[in-house]
2 protein chains.
Amino acid sequence: MTDVVRLLTRAQKLLRTATDSAMQEHGVRIGQNLVLEVLWDTDGLTPGDLAARLDVATPTVVNTAARMEAAGLLERRRDPDDRRLVRLYLTPKARAAEAPISAARREIAARALAALTPEELTHLENALTKIVTTLGGTRETTR
Amino acid sequence: MTDVVRLLTRAQKLLRTATDSAMQEHGVRIGQNLVLEVLWDTDGLTPGDLAARLDVATPTVVNTAARMEAAGLLERRRDPDDRRLVRLYLTPKARAAEAPISAARREIAARALAALTPEELTHLENALTKIVTTLGGTRETTR
DNA sequence: GTATGATCGTTAGCAGGCTAACGATTTGGA
DNA sequence: TCCAAATCGTTAGCCTGCTAACGATCATAC
């Protein structure tokens, strides 16, 4: 029981480390990458939106966004219609990084799972889904 | 591919959160728990030893140990035979916490995996082992 | 029309992880 | 014997997460 949990933790750490070091070659850290992946799809979200989509606390996004702004990856603009809101817009630099970074991400995933047969992959996905469901991570996509 | 990676990350985060909040009821945080689990088995290790066993950087252990010392969970003593070394010894308070904490840990693992059949559990374990092996986490127990 | 309550983002402070640089000690070789 | 190299733990500084408290803005009820 607890061994499987430990294994899962270990696998995730290896994946995280590999991903982070790959991202660094593109001038980005792993947390910033998460923000990028959402903004590449839909630009102009607020820190609160991003936090909800990434399943992370708002201050985490605020801090990460501050580092990204300093790195010239995004720009924060106050929403003119609701001055409580801040909207985050990607810079051309961040746009240019999309192709190489997402390729690197796919490559790492492929490498990590290379030893698994398609059947094993399906089993793994099902097992992980069960764990997530059990622990209440319903990940409400709606709203 | 990347979805499975995301799922794995998500499952691990849920597990980590659940574990940490359970540990807090016993006055311990999750990182401190890792140190405890090793020292419960073998007391008097050095920060370097612990870091190797936990697969973590030495400064991580040093900082965690400092917090644990402040919390009255352990005591650091200089090794008289080699004054470069620091040895960490658990206090009675840390000993007393062993039974309830490890029970809580087992309970969380059981709950998280409750929806899996024994067969699925085996598949999961195999799949995770393959991932860890592929990514080079050989976890050298020897030495 | 205004006061109250809700909703934002931000700040402060903490835990846990990392690398790099450093000081103290020990070891080994000349 | 003594000096250089190796080996420790520590410190400093960073990134990623969290909660709690706060200030600004908006919406609503009155």
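Everything numeric here is computed off the predicted structure, so don't read it as measured data. Each chain gets a letter, A, B and so on, in the order the sequences are listed, and its residues count up from 1.
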- Message: Using only atom types and a distance under 3.5 Å, with no angle test, would you say the side chain of A:Asp20 pairs donor to acceptor with the backbone of A:Arg16?
- Response: no
- Message: I'd like to know if B:Val56 and B:Val62 are part of one continuous hydrophobic network [Ile/Leu/Val/Met/Phe/Trp/Tyr, side-chain heavy atoms within less than 4.5 Å].
- Response: no
- Item | Donor on one side chain, acceptor on other, A:Asp49 and A:Thr46, under 3.5 Å | yes
- Query: Are any non-hydrogen side-chain atoms of B:Leu85 and B:Arg78 less than 4.5 angstrom apart?
  - Reply: no
- Find the distance A:Leu15:CG to D:dT16:C1' and express it as a whole number of Å. 17 Å
- Message: If I take atom CG in residue A:Asp82 and atom C1' in nucleotide D:dA27, what distance separates them, rounded to the nearest angstrom?
- Response: 10 Å
- Query: Taking the side chain of B:Leu85 as heavy atoms from C-beta outward, which of D:dC8, D:dC15, C:dA6 is closest to it?
  - Reply: D:dC8
- Query: Tell me, which of residues 16-34 of chain B have any heavy atom that sits under 4.0 Å from an atom in DNA chain D?
  - Reply: none
- Message: Quick check on DNA chain D: between A:Arg67 and B:Asn63, whose nearest nucleotide comes earlier from the 5' end?
- Response: B:Asn63
- Task: Mind calculating the distance between CD (B:Glu69) and C1' (D:dG9) to the nearest angstrom?
- Result: 13 Å
- Message: Could you tell me how far apart B:Leu73 (CG) and C:dA15 (C1') are, to the nearest whole angstrom?
- Response: 15 Å
- Query: Within the structure, does a side-chain N or O atom of B:Lys13 lie under 4.0 Å from either OP1 or OP2 of D:dC18?
  - Reply: yes
- Message: Between A:Trp40 and A:Ala97 (side chain of the first, backbone of the second, donor and acceptor by atom type, cut-off under 3.5 Å), is there such a pair?
- Response: no
- Task: Look at B:Thr58 and D:dG9 and indicate whether a side-chain polar atom (N or O) is within less than 4.0 Å of OP1 or OP2.
- Result: no
- Message: Is there, by distance only and without an angle test, a donor paired with an acceptor across the side chain of B:Arg83 and the base of C:dT25 below 3.5 Å?
- Response: no
- Atom CE of A:Met68 and atom P of D:dT16: how far apart are they, to the nearest Å? 9 Å
- Task: Check every atom of D:dT16, D:dA20, D:dT25 against the side chain of A:Pro59 and return the nucleotide holding the closest atom.
- Result: D:dA20
- Query: B:Tyr89 ring centre to B:Arg77 NZ or CZ under 6.0 Å, with the angle to the axis within 45°?
  - Reply: yes
- Please determine if a side-chain N or O atom of A:Thr60 lies less than 4.0 Å away from the OP1 or OP2 oxygen of D:dC18. yes
- Message: Tell me whether the side-chain N/O atoms of B:Arg78 come closer than 4.0 Å to OP1 or OP2 in D:dG9.
- Response: no
- Message: Please compare B:Val62 and A:Arg84 by the position of their nearest nucleotide in DNA chain D and report the one closer to 5'.
- Response: B:Val62
- Note on the structure: Taken to the nearest whole Å, CZ/A:Arg10 to P/C:dG17 is 14 Å
- So do A:Leu15 and B:Thr9 actually touch side chain to side chain, heavy atoms under 4.5 Å? no
- Message: How many whole angstroms separate atom CG of B:Asp81 from atom P of C:dT25?
- Response: 15 Å
- Could you tell me the separation between the CG atom of A:Asp79 and the P atom of C:dC8, rounded to a whole number of Å? 12 Å
- Task: Would you please confirm or rule out a distance under 4.0 Å between OP1 or OP2 of C:dT10 and any side-chain N or O of A:Arg76?
- Result: yes
